[in-house]
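Heads up: the structure comes next, in C-alpha cells.
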Number of protein chains: 2
Amino acid sequence: MPNYYNEQTKFYVSVDCAIFGYSDGILKLLIHKRPYDPGKGDWSLIGGFVEKDESIDDAAKRVLTEFTGLDKVYMRQLGAFGEVNRDPGERVISITYFALIDVAKYKKGKAQHTAEWVDMNLLPELIFDHDRMVSQSLKKIQSLIWEEPIAANLLPKLFTLTQLQRVYEVVLGKELDKRNYRRNVQEQGFLVKTNKIDKKTSKRGAALFQVNPLLAIENS
Amino acid sequence: MPNYYNEQTKFYVSVDCAIFGYSDGILKLLIHKRPYDPGKGDWSLIGGFVEKDESIDDAAKRVLTEFTGLDKVYMRQLGAFGEVNRDPGERVISITYFALIDVAKYKKGKAQHTAEWVDMNLLPELIFDHDRMVSQSLKKIQSLIWEEPIAANLLPKLFTLTQLQRVYEVVLGKELDKRNYRRNVQEQGFLVKTNKIDKKTSKRGAALFQVNPLLAIENS
DNA sequence: CCAAAAGTGTTATGGATACACCCATGA
DNA sequence: TCATGGGTGTATCCATAACACTTTTGG
C-alpha cells in the first residue's frame, strides 16, 4: 500500500472548554451564545476548531486565551466526544477540556458580547452534548480536588484559608468542618503561609496563603 | 458566515486500543507488528482509523472485533492523544481505549500473523506514544478495579475466587490477603455464587462464581 | 463592649490491615 | 495419610468524622 493514510476519512476536530470560575461564594461556568448555525443563539461551552499545526492541548490553550485573556491556566483533558450526530451541522469530533480560573483576572476576549459567567446551580440547557461535558468535568474536578492543589486556581494568588474552604465547599457541594478541612488542606503541603494579613474580610485579620510556588501546576 | 465549518482543517482520527488479557497468572497485552510505514515492523497497539459514519466508540468496538473476533467486550475511553508529530507519517489524532478480554475467547483476526499476547512485564518498546497509552490505561484500570466489576472480564464466565484474586494481584501489582480480598470482593455485591464446583484446580473443589448478570457491564 | 470571623485539639467511630487454623479430597 | 488448595473470624491500627471554645479588633 503506497500511502495507507490517503484512503482514510478526515474529520473536523474541535476543542470545547468547560471553564470554571468562582466569585461571591458561587461556582460559575463561562458560557456564551453560539454565534452561528446550527444552534445560533443557544448556550454553548467555549470552543473552537483544532488548527493545522497545533496539538490538541495547544488548541485548547489558544481557545482559552482568546476568550479569557489568560494563559498559564490550570487545564486538563476530559476526553473525546465523538457521536456521529452530536453536532447536527457537520460531523465534528470534540476533545473536551476543563479549566479553573480566577474570575477577577478574566478579560472579555472573543465573544465579548455573548460570554457570561453563569451560576453552576442555575445553568441553562447547553447545546449538543455540552451538558454531559460539564457534569463529567465537575465530577473529575471533585475527584482531583484533594489530590492536587487545584482549588486555589479559582482564587487570587493570595487567599485566606476560609476563602479556600468556600471553594472546596462549592466544588464538592457540601459543607466542610473547619478544623478537619484546615488539617487536611495543610497536611497536603500545597500551601505556604505568607506573612501578609488580610483585613478585608474580618476585623481580626486572617493569614494569607499561597500555593507553594515549587508546585506551580498550571498547564503542562 | 455562510458555512463556518468549511474554513476549518480536517484531520485523520484513529482509535488505538490497549487490549489486556490474562492467562497463566500473567497480565498480557495484545500488540502487533505494524504492517505499514512509518514504523513498519515495530510493535504497536491495535488500532485503526475512524470511518465516516461511525462514532468513535463504534470505531473502537469495530477495531477490537476485527482483531479479536469478540464483541460485547468491556471497553472504556482513556482520552485523546493529539501531539502534532506523534505519528511521523501524517497528522493523526488518536482516541485511545482500553479493553479487558478473556484470552481463551480470543480468535486471531486481522493481523493474525503479527499479533501477539505479550507479558506486561516484558513489554517491548511500542511505537509513537503507545507506551504512554498503555501505562495510563493500566493506571485507570487499577483505579477502577475496586469500583466496578471489571476484573472478571479477564476470566471465563465462571471462575473461582482464587482465580479472580490472581487477576486482582497481577493488575494491582501486589499480593493481597486472601481473607481481606474475599470480604472486599463479596461485599461489593458484583459476584454471585453458582452451585457449580471447579475440580480442576484443587482436590477439594472450589465454588464457581459469576458476575451478577444484572450488572452485565460490557460495552455501553 | 460586642459582633464577627480567625484560629486551635481531642475523642469517637468505622474502615482497613494483619494474622492462623481447619476442611475436603485425590493421589 | 498427606499434600494441596479452599474456606473462614477477630483483634489492632489508622484515618476520618464529630465536636466548642478562645482570640482579636473595628465599629
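Note that the coordinates shown come from a computational prediction; the quantities given were computed from them, not determined experimentally. So that the names make sense, note that chain A is the first sequence line, chain B the second, and so on, each numbered from 1.
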(request) Give K199(B) one of three labels, base, sugar-phosphate or nothing, depending on what nucleic acid heavy atoms sit under 4.0 Å from its own. (result) sugar-phosphate

(message) Is it the case that dA24(C) (base atoms only) and R204(B) (side chain only) share a donor and an acceptor within less than 3.5 Å, ignoring hydrogens and angles?
(response) no

(request) Take R183(B) and L161(B), find for each the nucleotide of DNA chain D with the closest heavy atom, and name the residue whose nucleotide sits nearer the 5' end. (result) L161(B)

(request) Answer yes or no: does a side-chain N or O of T162(B) lie under 4.0 Å from OP1 or OP2 of dG6(D)? (result) yes

(request) Among dG7(D), dT10(D), dG26(C), find the nucleotide with the atom closest to the side chain of K203(B). (result) dG26(C)

(message) Within the 4.5 Å heavy-atom criterion, are Q77(A) and I56(A) side-chain neighbours or not?
(response) yes

(message) Can you confirm whether V134(B) sits close enough to M120(B) that some side-chain heavy atom of one is under 4.5 Å from a side-chain heavy atom of the other?
(response) yes

(request) Please tell me which of the listed nucleotides, dG7(C), dG9(D), dG6(D), lies nearest to the side chain of K178(A)? (result) dG7(C)

(request) Scan side-chain atoms only and decide if T160(A) and D198(A) contain a donor-acceptor pair under the 3.5 Å cut-off. (result) no

(request) Kindly indicate whether the side chain of N180(B) and the base of dA18(C) share any N or O donor-acceptor pair separated by less than 3.5 Å? (result) yes

(message) Suppose we call a contact any N or O donor and acceptor under 3.5 Å apart; does that hold for the side chain of R179(A) and the base of dA17(D)?
(response) no

(message) Counting C-beta onward and ignoring hydrogens, is there a side-chain heavy-atom pair between W43(B) and E125(B) closer than 4.5 Å?
(response) no

(message) At 4.0 Å (heavy atoms only), tell me whether T160(B) reaches a base, stays on the sugar-phosphate, or touches nothing.
(response) nothing

(request) Could you pick out which residue, G205(B) or R166(A), lies toward the 5' side of DNA chain C when each is mapped onto its nearest nucleotide? (result) R166(A)

